[in-house]
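Just so you know, these numbers come straight off a predicted model, no measurement behind them.
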Amino acid sequence: MVGPKAILFEKEDLLSYDCDGFTIHKSLPMAVVFPHNTGEVADIVKYCCANKVPFLARGAGTGLSGGAIPLNGEVIISLVKMKNLLSIDFENRQAVVQPGFVNLKLTNSISNKGYYYAPDPSSQYVCTIGGNVAENAGGAHCLKYGVTTNHILGLEVVLPNGEIIEISENGIPDIPGYDLMGLLTGSEGTLGIVTKITVRILKSPEGKQTVLAYFDKVEDGSHAVSDIISAGIVPAALEMMDKTAIEGVEAGAYPVGHPDDIEALLLIEVDGIIAGIDEQIEEILKVCRERNVREVKVAHNEEERGRWWANRKTGFGAMGAISPDYLVQDGVIPRSQLPQVLHRISEISKDSGLRIANIFHAGDGNLHPLILFDSRVPGETEKALEVGTACLKACADVGGTITGEHGVGIEKKEEMRFIFTEEELDAQTQIREVFNPMDLLNRGKLFPTPSRCMDVRKIVNDTIATN
């Protein structure tokens, strides 16, 4: 189907595919196959179905929740060779890409025409748009511009039986009927394999200014976040880092000279029409000063702004400079609960004895506690997982949720019970069964297994089959 050079099956070749960015769990696939087009994907899926072989799709492997880990010895359908920019339509402001096309490469391909692609995960220099669709990825600028689903206009999908369907062909976003595009975006590769994506592209903003603010107290920085939004300003980005996170990024590849004795910093960006940006910046500076900011400054030029953002966007990886291992979590809370939840996370850190660094999208309440641990110490990996669960419980307890952009995968599937009843989980698993009745596609992800209702239904079905 794909030729002998497009298949890996020897153990030494498969080791690179035993996990994604969630490295705590590992499992070898049966094989890895590299299709070049939609037809080959469909043929592979049909073969797997005919032979009852489990399978899953994989992009760049940057996912942080284990969604691409082959728990059941799956055949991995790697989409990295399907990496073309198929078309650009500046008049209608849309582009068509294959799933293996790298996120940042799209903006780089159209920036000379004054356009860009808004979703910007921290891994955008390597993550693929197909993977972004699977996880409904966000990013620093999703406060103003929304997450991936807000920028998807059409999908081509290979269903788990090998059938190829087009959803909202030609980029017409509001077609009649059920919102299948919304259902598939963020379904974490459990309902189908996306093989072509029509995305919305935007005109580059006319003006842009970035502010960096240092606070002696986390509470002051947290209150400043809410005050900025309450003032009627919707920044393009509103990021926050605490003391431990600052220690990490300053020890990493892109230090910028942050003070080592502050408790928090805010990185705030405003963009849009030039007229009015200065007034927004002045209001932001005023809010920060009213919240006891130690120092606040505006980037003098693009070079300085770029250094500030490089420092922030490499924050996760920079934790390796201060800890042998880390586990990143991804909870969401109402902005008004930010001080309380950060205080609770601090208590969890003290009780467990594990340091927790906080780097997050403060503007939309998307927290990223990074639990620092040493897997060489017996029991610390398990403790880190327990601490991660406690952080998610703290988010759920204030009316938040357990993921804003990283997905559920295998990492957080049991924590789905923090926010859904068994009946609600069962309703969602029934939707999965409509698309994926043989349960061959990415089995064991997203939902607790077995849920009570699923267990009951399996007993009933087995009894019918036996009789």
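A donor-acceptor pair under 3.5 Å is absent between the side-chain atoms of Glu405 and the main chain of Ala137, judged by distance alone. Under the 3.5 Å distance criterion, the side-chain polar atoms of Ser349 are left unmatched by any main-chain donor or acceptor of Ile345. In terms of modelled atom types and a separation under 3.5 Å, the side chain of Lys413 and the main chain of Gly444 share a donor-acceptor contact. A donor-acceptor pair is defined here as one N or O able to donate and one able to accept, closer than 3.5 Å; no such pair exists between the side chain of Glu250 and the backbone of Ile246. Here the side chain of Thr429 pairs a donor or acceptor atom with the backbone of Asp426 at under 3.5 angstrom. Checking side-chain atoms of Ser352 against main-chain N and O of Ile348 turns up a donor-acceptor pair under 3.5 Å. A donor-acceptor pair under 3.5 Å links the side-chain atoms of Glu188 to the main chain of Gly409, judged by distance alone. At distances below 3.5 Å, at least one donor-acceptor pair connects side-chain atoms of Asn436 with backbone N or O atoms of Leu441. Under the 3.5 Å distance criterion, the side-chain polar atoms of Arg335 are matched with a main-chain donor or acceptor of Gly363.
Listed by first and then second residue, the side chain to side chain donor-acceptor pair (under 3.5 Å) pairs that reach into residues 144-153 are Lys144-Asp271, Tyr145-Asp271, sequence neighbours excluded. For residues 315-365, the ring pair (Phe, Tyr, Trp, His ring centres under 6.0 Å) pairs, not counting sequence neighbours, are Phe316-His368, His361-His368. Pairs of residues two or more places apart, or lying in two chains, never qualify as side chain to side chain donor-acceptor pair (under 3.5 Å) while including a residue from residues 377-388. Contacts classified as side chain to side chain donor-acceptor pair (under 3.5 Å) and involving residues 62-72 (residues at least two apart or in different chains) are given here: Asn72-Glu74. Applying the side chain to side chain donor-acceptor pair (under 3.5 Å) definition to pairs two or more places apart or across chains, none involves residues 13-35.
Ile77 places a side-chain heavy atom less than 4.5 Å from the side chain of Pro35. Contact check for Tyr125 versus Val102: no side-chain heavy atoms found under the 4.5 Å cut-off. Looking only at side-chain heavy atoms (C-beta outward), Ile233 and Pro235 come within less than 4.5 Å of each other. The shortest side-chain heavy-atom distance between Gln329 and Leu367 does not fall under the 4.5 Å cut-off. With a 4.5 Å cut-off on side-chain heavy atoms, Arg417 and Leu425 count as touching. With a 4.5 Å cut-off on side-chain heavy atoms, Leu71 and Ile410 count as touching. Looking only at side-chain heavy atoms (C-beta outward), Met240 and Asn358 stay at 4.5 Å or farther from each other.
Looking only at atom types and distance, the side chain of Lys445 has a donor-acceptor partner in the side chain of Asn442 under 3.5 Å away. Using a 3.5 Å distance cut-off with no hydrogens or angles, the side chains of Asn132 and Asn103 do pair a donor with an acceptor.
With sequence neighbours left out, the ring pair (Phe, Tyr, Trp, His ring centres under 6.0 Å) criterion links Trp309 to His141. Qualifying salt bridge (Lys or Arg N to Asp or Glu O under 4.0 Å) partners for Asp439, counting only residues two or more places apart in sequence or in other chains: Arg443. Shown here are the salt bridge (Lys or Arg N to Asp or Glu O under 4.0 Å) partners of Glu247, two or more places apart in sequence or in another chain: Arg355. Partners of Glu269 according to the salt bridge (Lys or Arg N to Asp or Glu O under 4.0 Å) rule, which considers only residues two or more places apart in sequence or in another chain, are Arg305. Evaluation of the side chain to side chain donor-acceptor pair (under 3.5 Å) rule for Asp330 yields Asn366, Thr403 as partners, not counting sequence neighbours. Applying the side chain to side chain donor-acceptor pair (under 3.5 Å) criterion to Asn84, with sequence neighbours excluded, gives Gln98.
In this structure, CD1 on Ile229 lies 5.0 Å from CG on Leu143, to the nearest 0.5 angstrom. Interatomic distance, Leu327 CG to Cys391 SG, rounded to the nearest 0.5 Å: 9.0 Å. A distance of 11.0 Å separates CG in Leu15 from CG in Leu8, rounded to the nearest 0.5 Å. In this structure, OG1 on Thr198 lies 6.0 Å from CD on Gln94, to the nearest 0.5 angstrom. With rounding to the nearest 0.5 angstrom, the CG atom of Leu183 is 12.0 Å from the OH atom of Tyr178. Asp325 CG to Phe373 CZ: the interatomic distance, rounded to the nearest 0.5 Å, is 4.5 Å.
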Going through the distances and angles, do Phe447 and Gln428 end up as a side-chain contact (heavy atoms from CB on, under 4.5 Å)?
CA-CA 9 Å; Phe447 299 112; Gln428 294 183 71; 3.4 Å; yes

Please determine whether side-chain contact (heavy atoms from CB on, under 4.5 Å) holds for the pair Ile419 and Ile402, giving the CA-CA distance in whole Å, both sets of side-chain angles, and the decisive distance to 0.1 Å.
CA-CA 8 Å; Ile419 56 174; Ile402 63 169; 4.1 Å; yes

side-chain contact (heavy atoms from CB on, under 4.5 Å), that's the test. Do Ile356 and Leu372 meet it? Break it down for me.
CA-CA 6 Å; Ile356 300 177; Leu372 310 183; over 6 Å; no

Would Val249 and Met241 count as a side-chain contact (heavy atoms from CB on, under 4.5 Å) if you check the C-alpha gap in whole Å, the side-chain angles of each, and the deciding distance to 0.1 Å?
CA-CA 10 Å; Val249 295; Met241 289 193 282; 3.9 Å; yes

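Taking the centre and axis of the six-membered ring of Phe34, the NZ or CZ atom of Lys81 falls inside the cone set by 45° and 6.0 Å.
In this structure, Lys393 does not pair ionically with Glu415, as no charged nitrogen and carboxylate oxygen lie closer than 4.0 Å. Using a 4.0 Å cut-off between a side-chain N of Lys or Arg and a carboxylate O of Asp or Glu, Lys313 and Asp120 qualify as a salt bridge.
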Distance-only check: which donor-acceptor pairs under 3.5 Å involve side-chain atoms of residues 42-60, not counting sequence neighbours?
from	atom 1	to	atom 2	distance (Å)
Asn51	ND2	Tyr47	O	2.9
Arg58	NH1	Cys19	O	3.1

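Within 6.0 Å of the OH atom in Tyr254, the count of heavy atoms belonging to other residues, nucleotides or ligands does not exceed 12.
Screening Asn136, Ile167, Leu180 for a side chain to side chain contact (heavy atoms under 4.5 Å, CB included) involving Thr185 leaves a single residue, Asn136. The residue from Leu184, Val41, Thr38 that alone fulfils the side chain to side chain contact (heavy atoms under 4.5 Å, CB included) condition with Val157 is Leu184.
Between Ala134 and Gly189, the closest heavy-atom pair is CB-N, 4.2 Å. The two atoms that bring Gly182 and Asp179 nearest to each other are N-OD1, 2.9 Å, heavy atoms only. Across Ala251 and Ile322, no two heavy atoms sit closer than the pair CB-CG2, 4.3 Å. Closest heavy-atom contact between Ser222 and Leu342: OG-CD1, 3.5 Å. Across Ile76 and Ala68, no two heavy atoms sit closer than the pair CD1-O, 4.5 Å. Of all non-hydrogen atoms in Thr128 and Pro99, the two that sit nearest each other are CB-O, 3.2 Å.
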